Amino acid sequence: MPAAANPAIRVPPAAARPAPEALLAWYDRHRRRLPWRAAPGRRQEPYRVFLSEIMLQQTTVVTVAPYYEAFLARWPSVAALADAPLEEVLSAWAGLGYYARARNLHACARAVVARHGGVFPDTEEALLDLPGIGPYTAAAIASIAYERRAAPVDGNWERVVARLFAVDEPLPRAKAKLRALALTLLPDARHGDFAQAMMDLGATICTPRKPACALCPWTEACVARAEGAPERYPVKVAKAAKPARRGVAFLAVRADGAVLVRSRPPKGLLGGMSEVPSTPWEPGGVANPAGHAPLKAPWRALNAPVAHVFSHFALELDVWRADLAAGTTAPAGHRWVRPEGFDAEAFPSVMRKVLAKL
DNA sequence: AAAACGTGGTG
DNA sequence: TCACCAAGTTT
């Protein structure tokens, strides 16, 4: 069904419809230089596209850059990454967040080696079958690394498309409609450049707050701009407030400076990451924190709690400390780690905050 | 299909 | 201070 036949979808005059050539011309002049980007006119290695795209999921360019460089230096190929122990990958990922990405990154590298001879598949369908690769990442690799005609619709694409067509329907319900509209924009060539041009446009011109419409190659075609309030789009449903949880973290410090540490369960929140032992984190905290201490000791509460905000709750962690004799043995499932060994541990940010109380 | 899943920067 | 945001995927 042509969009024009549906009165719910407003379409700009045909003469002003966004032309992919205009965006590509803008991209040729304003493309951002990013560590994972190939030189103009060249394709990027699939592994590098893969690595960067996984890291960039819900994560800013500035945050990702140093991690990308470190991973690439340490594991220059899928095969190298596949050979690495998961613990090392988690440790290198520590601080980046969404740790399932690191577990899936590793699993995906192994799957590419085991199932595809160490070569990333070159179709969206086959890529989609790999762990950690969803519709966005499959389209990103297919277009950027293999020049397939594909639409990696991320938040930038959604914002740009929602404004171009003034889509009133709120996200996330509007996702299917935005994707359908996005597909109408695709060029017949330069698919990788087009995908990245959309992201650059969203990141530098068609920004969430104050879009720079005067600099936009598509300004004439944009319905939201014509309406006078482009920042109104995309419409989103309000998010629920974050509940609070509390807990107590136990900082057991041995005479030689070693700290008692354990690993979290392999899945779920901070899955597989290292942590200082603590009570469960619950609304209102647990009734008897001492009952959760990893060993019997003269625990004393430190005055400054650690505050940390996760994706779906805010945590306030009290910190209790005990100093123990040099010969104290670690309880089952725990280990002593000296400060020199902290960097090799997979401590997430919240645990680095706890350790900072030492 | 809605909820789980991190973190740091910004206005 | 705090809500919102950033190249989403999994269950």
Side-chain angles (χ1 to χ4, degrees), chain A residues 32 34-37 44 48-68 90 93-105 107-108 127-145 150-160 171-173 175-176 178-179 182 192 194-204 206-210 231 234 236-245 264-273 275 281 306-315 346-353:
Chain A
R32 289 188 294 174
L34 299 171
W36 41 87
R37 220 101 108 170
Q44 183 55 285
R48 297 186 185 208
V49 178
F50 159 71
L51 181 60
S52 63
E53 292 300 344
I54 300 295
M55 288 183 166
L56 285 162
Q57 290 169 9
Q58 301 291 284
T59 310
T60 58
V61 160
V62 172
T63 300
V64 165
Y67 283 86
Y68 173 80
L90 290 177
W93 195 275
L96 242 199
Y98 283 144
Y99 298 100
R101 291 184 297 169
R103 290 180 252 129
N104 287 331
L105 179 89
C108 183
L127 286 161
L128 214 36
D129 206 37
L130 266 4
I133 295 185
Y136 163 78
T137 306
I141 297 173
S143 61
I144 298 171
V153 180
D154 69 337
N156 290 304
W157 281 63
E158 287 180 343
R159 186 168 57 256
V160 169
L171 282 168
R173 208 189 330 143
K175 276 183 179 295
L178 292 173
R179 174 172 185 79
F194 185 81
Q196 296 173 94
M198 287 289 278
M199 297 175 200
D200 277 13
L201 187 71
T204 65
C206 196
T207 54
R209 314 288 172 86
K210 296 188 183 288
E231 65 283 353
K236 298 188 177 185
V237 301
K239 287 173 186 164
K242 289 184 182 180
R245 296 188 197 175
R264 293 179 61 87
K267 294 182 193 262
L269 184 68
L270 309 178
M273 303 296 285
E275 70 172 358
W281 305 338
V306 164
H308 191 78
V309 180
F310 290 98
S311 51
H312 56 299
F313 67 92
L315 176 66
F347 288 127
S349 292
V350 62
M351 288 302 148
R352 297 209 170 266
K353 289 183 185 177

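It should be emphasised that the depicted structure is a prediction, and the values quoted were computed from it without experimental measurement. Just so it is clear: chains get the letters A, B, ... in the order the sequence lines come, proteins before strands, and each one is counted from 1.
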**Asked** Is there a side chain to side chain contact (heavy atoms under 4.5 Å, CB included) between A:Leu130 and A:Phe50 once you walk through the steps?
**Response** CA-CA 11 Å; A:Leu130 266 4; A:Phe50 159 71; over 6 Å; no

**Prompt:** Quick one: are A:Arg159 and A:Trp157 in side-chain contact, heavy atoms under 4.5 Å?
**Reply:** no

**Atom-to-atom span, CZ of A:Arg352 to C1' of B:dT7 - whole angstrom** = 13 Å

**Complete:** Comparing nearest nucleotides in DNA chain B, the 5'-proximal residue of the pair A:Ser311, A:Thr63 is A:Ser311

**Message:** Between A:Glu158 and A:Lys175, does any side-chain N to carboxylate O distance fall below 4.0 Å?
**Reply:** yes

**Request:** Would you please confirm or rule out a distance under 4.0 Å between OP1 or OP2 of B:dG6 and any side-chain N or O of A:His308?
**Result:** no

**Asked** For A:Thr137 and A:Leu127, what are the C-alpha separation, side-chain angles and deciding distance, and is it a side chain to side chain contact (heavy atoms under 4.5 Å, CB included)?
**Response** CA-CA 8 Å; A:Thr137 306; A:Leu127 286 161; over 6 Å; no

**Asked** To the nearest Å, how far apart are A:Phe313 CZ and B:dA3 P?
**Response** 16 Å

**Item:** Minimum heavy-atom distance A:His312-A:Pro243, with the two atoms named
**Value:** O-CD, 3.4 Å

**Request:** Return no unless some side-chain N or O of A:His312 is found under 4.0 Å from OP1 or OP2 of B:dA4.
**Result:** no

**Request:** Would you classify A:Val62 as touching base, sugar-phosphate or nothing, given that sugar-phosphate means primed atoms plus P, OP1 and OP2, and contacts are heavy atoms under 4.0 Å?
**Result:** nothing

**Message:** My understanding is that only residues two or more places apart in sequence, or in another chain, count here; which of them pass side chain to side chain contact (heavy atoms under 4.5 Å, CB included) with A:Leu34?
**Reply:** A:Arg32, A:Trp36, A:Arg37, A:Val61

**Asked** Using atom C1' of each nucleotide, how far apart are C:dA7 and B:dA3 to the nearest Å?
**Response** 22 Å

**Message:** Heavy atoms only, 4.0 Å cut-off, all strands: where does A:Gly271 land among base, sugar-phosphate and nothing?
**Reply:** nothing

**Item:** Sugar-phosphate, base or nothing in reach of A:Pro172, heavy atoms under 4.0 Å
**Value:** nothing

**Asked** What is the distance, rounded to the nearest whole Å, between atom OH of A:Tyr99 and atom P of B:dA4?
**Response** 19 Å

**Message:** From CG of A:Leu269 over to C1' of B:dG6, roughly how many Å is that when rounded to an integer?
**Reply:** 8 Å

**Message:** Output the rounded distance in Å from CG (A:Leu171) to C1' (B:dA2).
**Reply:** 15 Å

**Fill in**
B/S/- along nucleotides 4-11 of chain C (protein heavy atoms under 4.0 Å) is -SBBBSS-

**Fill in**
By side chain to side chain donor-acceptor pair (under 3.5 Å), A:Tyr68 pairs with (sequence neighbours left out) none

